[in-house]
Amino acid sequence: TINEKTKVLTAKKEGTVKVTFKDETSGKTSSATITVVAPPQEEEEEELPEDELFGYDVEDGGVIITEVYDSTVTSLIIPNSFANYKVTAIGDSAFEGLSDLKTVKIPSTVTSIGDYAFGSCSSLMQIELPSGLKYLGEGAFEYCESLTQVSIPKGIEELLSGTFSGCSALKSVELGSVKAIGDEAFYECVSLASVSIPSTVKTIGTSAFEICEKLATITLKSGLEYLDDYAFAGCLKLTTVSLPTSLEYLGSGAFDGCEMLKSATIPSSVEDIGSGVFDNCSESLKLRVKRNSAGHEFAEDEEIPYSVY
C-alpha cells in the first residue's frame, strides 16, 4: 500500500509486486518491479544448562571447560558433551591449583588443553592424554609434583615452554612425534633418570632438561639440529653423551654443571658452538672430535682434553 500523504510504499508480506507511477505534470506513466524480502530475524542466544561441577562455554560448536567449582575435588571424569555439544577443549588454567586432585579422565573428544590447564595440581598422579590431542599449552602440567609418567600423543608437534616444568616425581616420558621441545619443558624434573629423544625432534630449547639431577642416560637420535643454551645443564648423573651427526648448533652452557660427565662426542656437523658448554663438568672429561672441525677448535680453545676420530 502507498500512503497518499507521505508517498511511502509499505509491504505487508514477502513477494514481488509491480508498481506503476504517473507523472502528474506530463501524464506519462512508468512501472517498476519490486521484490520484498523480510529482514533477518535475530537469533535468540541459546541458554545453556548449568552443570553442578564444571563451568563451560561453547565456541565454534564445541565445549570449552573453563573451571571446576569444587576446589577440593580428588577425582574428575570429564564428560564428552554438554547440552548436545562435544567437549573439545580444556581452557587456560581450568584446573590450575586443584591441589587435592589425584586422577582425571579426559574424553577422546578433547583436541586442545590450554596454558596452565593443570598447573600446580600437586597431587595429580596420572594422566592419559587423548590420542586426538593437537594442542598442549604452555605450563599445562607444571608443578604437578606427583605425576610419575606421561605419554605424548602423536598429534602434538611441539612441547611449549614449561609444559612439565617442576614435575619432581616424573620418571617416564614418551615423546611421541614431537618436532620441538620448548624452553624449560622438563626443567627440574629431578626424578627423570633417562630420556630418548625421537628422530622427529629438530630443536631442544633453552634449559629444556636443566636440573634433571637423576638424568643418567640421554639418547639423541639423528634429526636433532639445534641444542639450545643450558639444555642439559645441572644433570648431575650424566656420564656420557654422543651428539648426533645432524646437529648444527650446540648452545652455551648446554652441559654446564654435569659433574659426572666424562665423555662427549661432537660431530663435524656442528658448525656453531656457544661458550662454556662443558663448564663445571668432571675433571676427567675428554671430548671426541673430528679433525679440523668446529669441535676440534672448541676443544683447543677451551683447553679440554680430546681425541680425534
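In what follows, residues are counted from 1 in the order of the sequence shown. Values in this document were obtained by computation on a predicted structure and should not be read as measured data.
Scored by the salt bridge (charged side-chain N to carboxylate O under 4.0 Å, His left out) test, Glu157 finds Lys179 as partners (sequence neighbours excluded). Under the rule for a side-chain hydrogen bond (donor to acceptor under 3.5 Å, both in side chains), the partners of Asp70 that lie at least two apart in sequence or sit in another chain are Thr72. Under the rule for a side chain to side chain contact (heavy atoms under 4.5 Å, CB included), the partners of Pro107 that lie at least two apart in sequence or sit in another chain are Ile78, Asn80, Thr109, Val110.
Nearest heavy atoms, Ser269 versus Pro244: OG-O, 3.8 Å. Ser112 approaches Leu133 most closely through the heavy-atom pair N-CD1, 3.6 Å. A pairwise comparison of heavy atoms in Ser172 and Leu192 identifies N-CD1, 4.2 Å as the closest pair. Taking every heavy atom of both residues into account, Tyr309 and Ser268 meet most closely at OH-N, 4.4 Å. Of all heavy-atom pairs spanning Phe95 and Cys121, the tightest one is O-SG, 3.1 Å. Nearest heavy atoms, Thr111 versus Gly132: CG2-O, 3.7 Å.
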Expected list for residues 57-64: side-chain donor-acceptor pairs under 3.5 angstrom, two or more places apart:
none

For residues 233-243, which side-chain N or O atoms pair as donor and acceptor with protein atoms under 3.5 Å away, sequence neighbours left out?
none

Can I get a per-line list of side-chain donor-acceptor pairs under 3.5 Å for residues 122-129, giving both atom names and the distance, sequence neighbours left out?
from   : atom 1 : to    : atom 2 : distance (Å)
Ser123 : OG     : Ser99 : O      : 2.6

Using a 3.5 Å cut-off and no angle test, enumerate the donor-acceptor pairs between side-chain atoms of residues 198-217 and protein atoms at least two apart in sequence or in another chain.
from   : atom 1 : to     : atom 2 : distance (Å)
Thr200 : OG1    : Val178 : O      : 2.7
Thr206 : OG1    : Asp228 : OD2    : 3.2
Ser207 : OG     : Glu210 : OE1    : 2.6

Report all side-chain donor-acceptor pairs from residues 283-308 shorter than 3.5 Å, counting only partners two or more places apart or in another chain.
from   : atom 1 : to     : atom 2 : distance (Å)
Ser284 : OG     : Ser282 : OG     : 2.9
Arg288 : NH1    : Thr265 : OG1    : 3.2
Ser293 : OG     : Lys290 : O      : 2.6
Ser293 : OG     : Gly295 : N      : 3.4
Ser293 : OG     : His296 : N      : 3.1
His296 : ND1    : Asn292 : N      : 2.8
His296 : NE2    : Tyr306 : OH     : 3.1
Glu300 : OE2    : Tyr306 : OH     : 2.8

Please determine whether side-chain contact (heavy atoms from CB on, under 4.5 Å) holds for the pair Val68 and Val73, giving the CA-CA distance in whole Å, both sets of side-chain angles, and the decisive distance to 0.1 Å.
CA-CA 9 Å; Val68 174; Val73 66; 4.2 Å; yes
Run the side-chain contact (heavy atoms from CB on, under 4.5 Å) check on Tyr56 and Val87 step by step: do they pass?
CA-CA 9 Å; Tyr56 68 95; Val87 175; over 6 Å; no
What do the steps show when you test Phe141 against Leu136 for side-chain contact (heavy atoms from CB on, under 4.5 Å), and what is the final call?
CA-CA 9 Å; Phe141 292 93; Leu136 187 58; 3.8 Å; yes
Using side-chain contact (heavy atoms from CB on, under 4.5 Å), reason through Cys189 and Leu170 one step at a time and then give a plain yes or no.
CA-CA 6 Å; Cys189 290; Leu170 190 63; 4.2 Å; yes
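Connectivity analysis of hydrophobic side chains (ILVMFWY, heavy atoms under 4.5 Å, direct or indirect) links Tyr143 to nothing; its cluster partners are none. In the hydrophobic clustering, Tyr69 connects to no other residue, as no ILVMFWY side-chain heavy atoms lie under 4.5 Å from its own.
In this structure a side-chain-to-backbone donor-acceptor pair under 3.5 Å is missing from Ser120 to Gly97. Not one N or O on the side chain of Thr219 forms a donor-acceptor pair closer than 3.5 Å with the backbone of Ser196. Checking side-chain atoms of Ser222 against main-chain N and O of Thr245 turns up no donor-acceptor pair under 3.5 Å.
At most 12 non-hydrogen atoms from other residues, nucleotides or ligands lie less than 6.0 angstrom from CD1 of Ile77. Taking a 6.0 Å sphere around CD of Glu174, one finds it holds 12 or fewer heavy atoms contributed by other residues, nucleotides or ligands.
In summary, the side chains of Thr103 and Ser75 do present a donor paired with an acceptor at a separation below 3.5 Å, with no hydrogens or angles considered.
Pairs of residues two or more places apart, or lying in two chains, that qualify as side-chain hydrogen bond (donor to acceptor under 3.5 Å, both in side chains) and include a residue from residues 132-142 are Asp115-Tyr135. Listed by first and then second residue, the ring-ring contact (aromatic ring centres under 6.0 Å, His included) pairs that reach into residues 235-263 are Tyr226-Tyr249, Phe232-Phe255, Phe255-Phe278, sequence neighbours excluded.
Tyr187 and Phe164 fall into different hydrophobic clusters, where Ile, Leu, Val, Met, Phe, Trp and Tyr are joined by side-chain heavy atoms under 4.5 Å apart, directly or via other members. In the hydrophobic cluster analysis, where Ile, Leu, Val, Met, Phe, Trp and Tyr join through side-chain heavy atoms closer than 4.5 angstrom, Leu175 is grouped together with Leu247. Ile152 and Tyr116 end up in different hydrophobic clusters when Ile, Leu, Val, Met, Phe, Trp and Tyr side chains are linked at under 4.5 Å.
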